[in-house]
Amino acid sequence: MDTEKKQLELDKRYIRMANIWAENSYCKRRKVGALIVKDKMIISDGYNGTPSGFENVCEDENNLTKPYVLHAEANAITKIACSNNSSNGATMYVTASPCIECSKLIIQAGIKRVVYSEHYRLEDGIELLKRAGIEVLYVDMEQERESK
């Protein structure tokens, strides 16, 4: 198997793991998971949810996301800050394409590659990552499921 094909298989495996991690989210509208991988080792993880110490309720009475809910990418990146790991040069696997705010964090964290499996309604985050020279890859997991 050539290197490119091996990398794609690895990307699909980590995306499947990010999807499983998203199941930890208490959010009802959308569950998102993220993994940060460096040298084939998961160095951080995150899912969307409320900050530590807050009630695990992401939506208000109108089913709108509360303004203080953290995105999966932000949770994974802030966990790095509390560890001895460095995300410099790492790959982020995230179930939904990053928004513009998370894209800024990804750039500042030194992450060099982002793999995602679901398009977010806005593409400005993806465009910003590309502008910053970060490799961005969409992996269609629906097609993957249909072929099995």
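Any value given below was found using the heavy atoms of this structure, including those in side chains, with hydrogens, waters and symmetry copies removed. Throughout, numbering of the chain's residues begins at 1 and tracks the sequence.
The distance from the CG atom of L8 to the CG atom of D2 is 10.0 Å, given to the nearest 0.5 Å. Rounded to the nearest 0.5 angstrom, N75 CG and I80 CD1 are separated by 12.0 Å. Once rounded to the nearest 0.5 Å, the distance linking CZ of R131 with OG of S103 reads 12.5 Å.
Residue R16 comes nearest to M141 through the heavy atom pair CG-CE, 3.4 Å, listed as atom of the first residue, atom of the second, then distance. Minimum heavy-atom separation, A74 to L105: CB-CD1, 3.8 Å. Taking each heavy atom of C102 and E73 in turn, the nearest pair found is SG-OE1, 3.6 Å. Looking at every heavy atom in both residues, S117 comes nearest to N19 through OG-ND2, 4.1 Å.
Residues I111 and M41 share a single hydrophobic cluster, defined by chaining ILVMFWY side chains whose heavy atoms lie under 4.5 Å apart. Residues I77 and V136 are members of one and the same hydrophobic cluster, defined by side-chain heavy-atom contacts under 4.5 angstrom among Ile, Leu, Val, Met, Phe, Trp and Tyr. In the hydrophobic cluster analysis, where Ile, Leu, Val, Met, Phe, Trp and Tyr join through side-chain heavy atoms closer than 4.5 angstrom, V37 is grouped together with V115. Side-chain heavy atoms closer than 4.5 Å link hydrophobic residues (I, L, V, M, F, W, Y) into clusters, and following such links, possibly through other members, connects V139 to L35.
Between the side chain of K28 and the main chain of C58, no donor-acceptor pair closer than 3.5 Å is present. Judged by distance alone, with hydrogens and angles left aside, the side-chain atoms of S44 form no donor-acceptor pair with the main-chain N or O of I36 at under 3.5 Å. The backbone N or O of N62 sits less than 3.5 Å from a side-chain atom of D60, completing a donor-acceptor pair.
By the 4.5 Å heavy-atom criterion applied to side chains, I126 and K130 are counted as neighbours. Counting only heavy atoms from C-beta outward, the side chains of V114 and L137 never approach each other to under 4.5 Å. A heavy-atom distance below 4.5 Å is found between the side chains of T65 and R29. Under the 4.5 Å side-chain criterion, counting only non-hydrogen atoms from C-beta, L10 is in contact with K40.
Other residues sharing a hydrophobic cluster with L70 under the 4.5 Å side-chain heavy-atom criterion for ILVMFWY residues do not exist; the residue is a singleton.
Pairs of residues two or more places apart, or lying in two chains, that qualify as side chain to side chain donor-acceptor pair (under 3.5 Å) and include a residue from residues 46-59 are S25-N48, E55-K66, E55-Y68.
For the pair K6 and E9, the salt-bridge criterion is not met [side-chain N within less than 4.0 Å of a carboxylate O].
Applying the side-chain contact (heavy atoms from CB on, under 4.5 Å) rule to Y138 yields the partners Y116, H119, D140; only residues at least two apart in sequence or on another chain are considered. Among residues two or more places apart in sequence or in another chain, the salt bridge (charged side-chain N to carboxylate O under 4.0 Å, His left out) test is passed with R30 by E118. Not counting sequence neighbours, the partners of I107 by the side-chain contact (heavy atoms from CB on, under 4.5 Å) test are L128, L129, A132, I134.
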Would you give me the side-chain donor-acceptor pairs under 3.5 Å for residues 90-100, sequence neighbours excluded?
from, atom 1, to, atom 2, distance (Å)
Y93, OH, D11, OD1, 2.7
T95, OG1, G33, N, 3.1
S97, OG, Y120, N, 2.8

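The number of heavy atoms from other shown groups lying within 6.0 Å of CD (Q7) is above 12.
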